[in-house]
Protein chains: 2
Amino acid sequence: MYVSPPDEEIESKKSVVDYKKSVSRRGVLAELYQSEVSTLAQLAKSLHSSVPSITNIVEELVAEKWVSTFGTAVGNHGRRPVLFGLNTQDKYVAALDISTHDTKLVIMNLQREVIFRKDINLGLEDNPRFARALLEFTRNALAESKVEASHFVAIGISMPGLIQFQSGTNMTYRRINQEEKPLSSIISEEFNLPVFVINDTKATVLGEHRFGLARGKKHVLAINIDWGVGLGIILNGEIFQGASGFAGELGHIQIDPDGELCHCGKVGCLDTITSARSLIRRVQRGLGEGRVSKLSAYMDHIEDIDIEMIIEAALEGDAFAIDILFDVGTVLGKGLSMAVHLFNPEIVIVDGIVVKADQFITNPIGQAINKYCLSDFRNDLSIEISQLGERAKWIGIHIYVMDQLLATI
Amino acid sequence: MYVSPPDEEIESKKSVVDYKKSVSRRGVLAELYQSEVSTLAQLAKSLHSSVPSITNIVEELVAEKWVSTFGTAVGNHGRRPVLFGLNTQDKYVAALDISTHDTKLVIMNLQREVIFRKDINLGLEDNPRFARALLEFTRNALAESKVEASHFVAIGISMPGLIQFQSGTNMTYRRINQEEKPLSSIISEEFNLPVFVINDTKATVLGEHRFGLARGKKHVLAINIDWGVGLGIILNGEIFQGASGFAGELGHIQIDPDGELCHCGKVGCLDTITSARSLIRRVQRGLGEGRVSKLSAYMDHIEDIDIEMIIEAALEGDAFAIDILFDVGTVLGKGLSMAVHLFNPEIVIVDGIVVKADQFITNPIGQAINKYCLSDFRNDLSIEISQLGERAKWIGIHIYVMDQLLATI
DNA sequence: TTCGTTTTATAAAAATATTAACAAATTATT
DNA sequence: AATAATTTGTTAATATTTTTATAAAACGAA
């Protein structure tokens with residue numbers, strides 16, 4: 001099993017020179033990670049170091065296969081600088097994207113380019129059987145990818161739930177763990193690689209922040225809406241986890257004191273209003289009250305109705321479906337406005353199945369924010385729909401893995 | 001008028017050596033600020049530098065009167081090290097603590113020891129007259145203190161309201177500013193000193209975090225309860241301001257959709273339940289319904305009842321007052337639980353007039369958090385009552401001023 | 001095409017920081 | 001009380017980094 005070395009010991013053993021070198025190495029890698037390619041001069045400037053020093057470090061990183069050259073820049077005035085970037089050949093990150101419906105394994109190089117992808121119809125379940133199936137799938141997929149085992153630097157996992165980030169334990173799906181061992185340890189042991197687990201919505205906001213719509217913004221909220229509601233938070237340009245890794249639990253904030261009972265045991269949670277079950281009930285009630293709608297077609301097997309069908313109906317102009325989306329959006333906007341008051345973000349990114357509904361969902365959300373937020377908070381705030389789609393999550397996993405990994409380099 | 005130099009220009013002009021030196025100097029000052037006194041060896045270790053280098057920097061800072069020696073340490077094994085700490089003689093910070101009831105001016109040395117204090121019965125009002133009165137008071141108080149003008153390094157101001165931290169403009173009290181000039185500029189111009197403005201609750205949480213109950217904690221919420229509700233937030237060990245400086249606006253989150261109209265124009269804000277007006281109405285209604293209470297004594301001039309009187313009655317065992325505090329605490333706890341879900345803090349500190357009610361307010365708050373928070377959030381969370389009192393705010397102003405100031409050294 | 005300007009890259013010189021060495025000061029141990 | 005063990009503080013030696021200088025490469029204008 002991969003054992004990450006205890007930090008303090010290393011630090012205390014290291015000489016001052018070694019420490020500073022390590023900081024510089026990390027700085028160079030982080031800079032190249034964000035900028036794709038860069039020149040020695042640019043690196044020297046942004047790392048507050050001299051060109052000869054940076055040249056040394058980069059040469060070392062090239063020898064270690066972290067970095068490679070990418071030709072020369074063009075267009076400038078003087079001599080053309082050599083471009084350096086993260087090596088796209090010899091080091092890879094495997095990302096496991098686990099949702100309640102299916103699981104995807106994506107292999108990316110250091111530049112986040114997907115070089116292999118395999119999907120499996122394995123939805124997240126809270127039992128040890130899931131862990132075994134996931135391990136099996138991962139083993140097969142990695143073998144199938146034909147990437148040499150020694151070329152993997154780490155495995156990243158994104159999944160829903162409250163994830164204790166220090167240990168990688170998912171508190172919402174506790175029965176996945178085998179014999180007190182968290183999922184991350186099981187996988188780490190199997191492949192002898194460091195494994196990092198991150199909540200799916202947090203992964204998404206990381207992707208959107210570093211390489212999507214929220215690029216360069218300091219404070220970002222990303223709300224992911226499908227069967228539940230998740231909130232990913234970037235503060236001061238970094239993912240915000242909170243004390244245990246649970247920060248951003250918007251779904252179980254009480255929205256309606258007279259609402260229905262939530263599976264968490266509380267009443268009127270935001271989740272109870274956006275959940276599939278709640279939607280079905282709403283449709284049922286509406287149709288029962290004689291509302292005319294395309295959704296009546298599903299009257300016989302009403303349990304199969306999900307938010308995707310309602311969105312489709314709305315896009316086709318169905319008034320009943322549009323009303324339902326409006327109600328859902330209003331409640332989401334109300335919940336979001338609380339987060340806006342507390343976080344005062346620059347941008348809110350909306351993500352998840354719901355984005356297909358476009359205006360039908362963003363309008364009520366915007367409207368609710370206007371209604372429930374103080375004007376000073378709204379003035380500098382923009383609300384956007386994610387454009388990276390599922391890639392945001394993979395990129396986010398990659399970013400998280402690299403962030404954790406760099407801390408040990 | 002004091003003009004802070006534009007950052008980028010300086011940075012680009014500075015050589016790499018100068019930049020690194022500046023970082024080290026700031027590091028030493030920050031370390032001494034937090035540790036009161038420290039040895040060269042300790043400084044070297046925590047700043048990842050060698051003892052000779054640190055010796056150089058400290059000698060320089062001693063020459064500039066930032067640092068002085070504090071004798072030698074005792075108790076250790078070998079030779080006794082010389083202790084260094086921030087100079088308590090030659091540099092001072094003036095703090096203006098402005099509330100809606102009164103204003104205090106406090107002069108502190110670099111070690112946050114109060115060497116002068118003057119109070120004035122001048123409550124914050126939203127008009128230019130207030131700014132003039134404040135200026136007058138400040139001028140007199142500083143003169144009275146007999147501290148040489150050249151010995152002041154900066155002025156810090158704490159006040160309620162939404163404060164745009166980049167400019168120091170208070171958006172809630174806009175009419176304080178004269179001819180488009182924010183209050184901070186007016187004062188800065190008058191005394192030719194850098195002026196930094198911070199929201200009062202944010203100042204409090206800074207104080208509690210660095211030198212109070214929350215010392216060393218990474219994620220801290222401090223809720224200040226008197227006539228309104230304020231939330232101060234420490235995340236990753238630093239004050240969290242949000243994009244504009246408005247983060248933590250808990251008071252205008254909707255708690256009760258059927259509640260009363262708030263002065264902000266919205267309905268059922270948390271503030272409407274804890275406000276003095278709302279309390280009075282509640283007392284009035286209760287007494288009208290025939291409740292027996294010591295508060296009946298105020299029946300004739302019911303408008304004068306404030307939360308302090310209710311607390312006193314509760315402490316004397318008055319059941320009606322206890323009930324009212326219970327209700328208020330429950331609502332506060334409900335609001336807090338939203339913040340707990342979003343921030344996942346390690347500790348919540350309760351502050352403000354309400355702390356006099358002790359158990360009568362912390363019990364319902366704790367109870368509500370139990371009711372409205374998921375258990376995973378409660379497990380590692382402690383709720384404590386502030387012990388620094390009014391000093392927390394002054395210390396917080398001092399911390400904020402020094403943080404800002406150090407960035408320019 | 002040639003020359004001046006601009007930028008990069010490398011080599012040498014200068015500056016700076018770290019390490020190692022040792023003396024001084026203090027505590028624990030014999 | 002003397003000695004060993006520890007820790008600090010200073011100096012000198014070593015190592016590293018930055019700065020300066022210079023050559024190479026590219027572009028644009030005359």
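Chain letters run A, B, ... following the sequence lines, proteins first and then strands; every chain starts at 1. Computed over heavy atoms, backbone and side chain alike; hydrogens, waters and symmetry mates excluded.
Base pairing in DNA chain C gives the following stems of 3 or more Watson-Crick or G-U pairs, range against range and under 3.5 Å: C:1-30 with D:1-30.
One can place OH of Tyr19(A) at 17 Å from P of dA17(C), the figure rounded to the nearest angstrom. Spacing between atom CG of Leu47(A) and atom C1' of dT17(D) amounts to 15 Å, rounded to whole angstrom units. A straight line from NE2 of His48(A) to C1' of dT16(C) spans 19 Å, rounded to a whole angstrom. In this structure, CD1 of Ile54(A) is placed 13 Å from P of dT19(D), rounded to the nearest angstrom. As a whole-Å value, the separation of Lys21(A) NZ from dT18(C) P is 15 Å.
Not a single salt bridge (Lys or Arg N to Asp or Glu O under 4.0 Å) links Arg391(B) to another residue, sequence neighbours left out. For Lys65(B), there are no salt bridge (Lys or Arg N to Asp or Glu O under 4.0 Å) partners at least two apart in sequence or on another chain. With sequence neighbours excluded, the residues forming a salt bridge (Lys or Arg N to Asp or Glu O under 4.0 Å) with Lys393(A) are Asp97(A), listed by chain and number.
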Give every donor-acceptor pair under 3.5 Å between a side-chain atom in residues 234-242 of chain A and any protein atom, sequence neighbours left out.
none

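At a threshold of 4.0 Å, the pair Glu346(B)-Lys218(B) does not count as salt-bridged, since none of the basic side-chain nitrogens sits closer than that to a carboxylate oxygen.
Proximity of Ser15(B) to the phosphate of dT19(D): a side-chain N or O atom is located under 4.0 Å from OP1 or OP2. Contact annotation: Ser49(B) reaches the phosphate of dT18(C) (side-chain N/O to OP1 or OP2, under 4.0 Å).
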Report the C-alpha distance between Ser188(A) and Ser185(A) in whole Å, list the side-chain angles of each, state the deciding distance to 0.1 Å, and finish with yes or no for side-chain hydrogen bond (donor to acceptor under 3.5 Å, both in side chains). CA-CA 5 Å; Ser188(A) 177; Ser185(A) 300; over 6 Å; no
B/S/- contact track for nucleotides 5-16 of chain D, protein heavy atom under 4.0 Å: -BBBSB------
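Under the 3.5 Å distance criterion, with hydrogens and angles disregarded, a donor-acceptor pair is assigned to the side chains of Ser386(A) and Glu208(A).
Taking each heavy atom of Gln89(B) and His151(B) in turn, the nearest pair found is O-ND1, 4.4 Å.
Remark: Arg210(B) is not positioned above the aromatic ring of Tyr33(B), lacking an NZ or CZ atom under 6.0 angstrom from the ring centre and at most 45 degrees off the axis.
Residue Lys20(B) is in sugar-phosphate contact alone, with no base atom involved, counting any heavy-atom pair closer than 4.0 Å across all strands shown.
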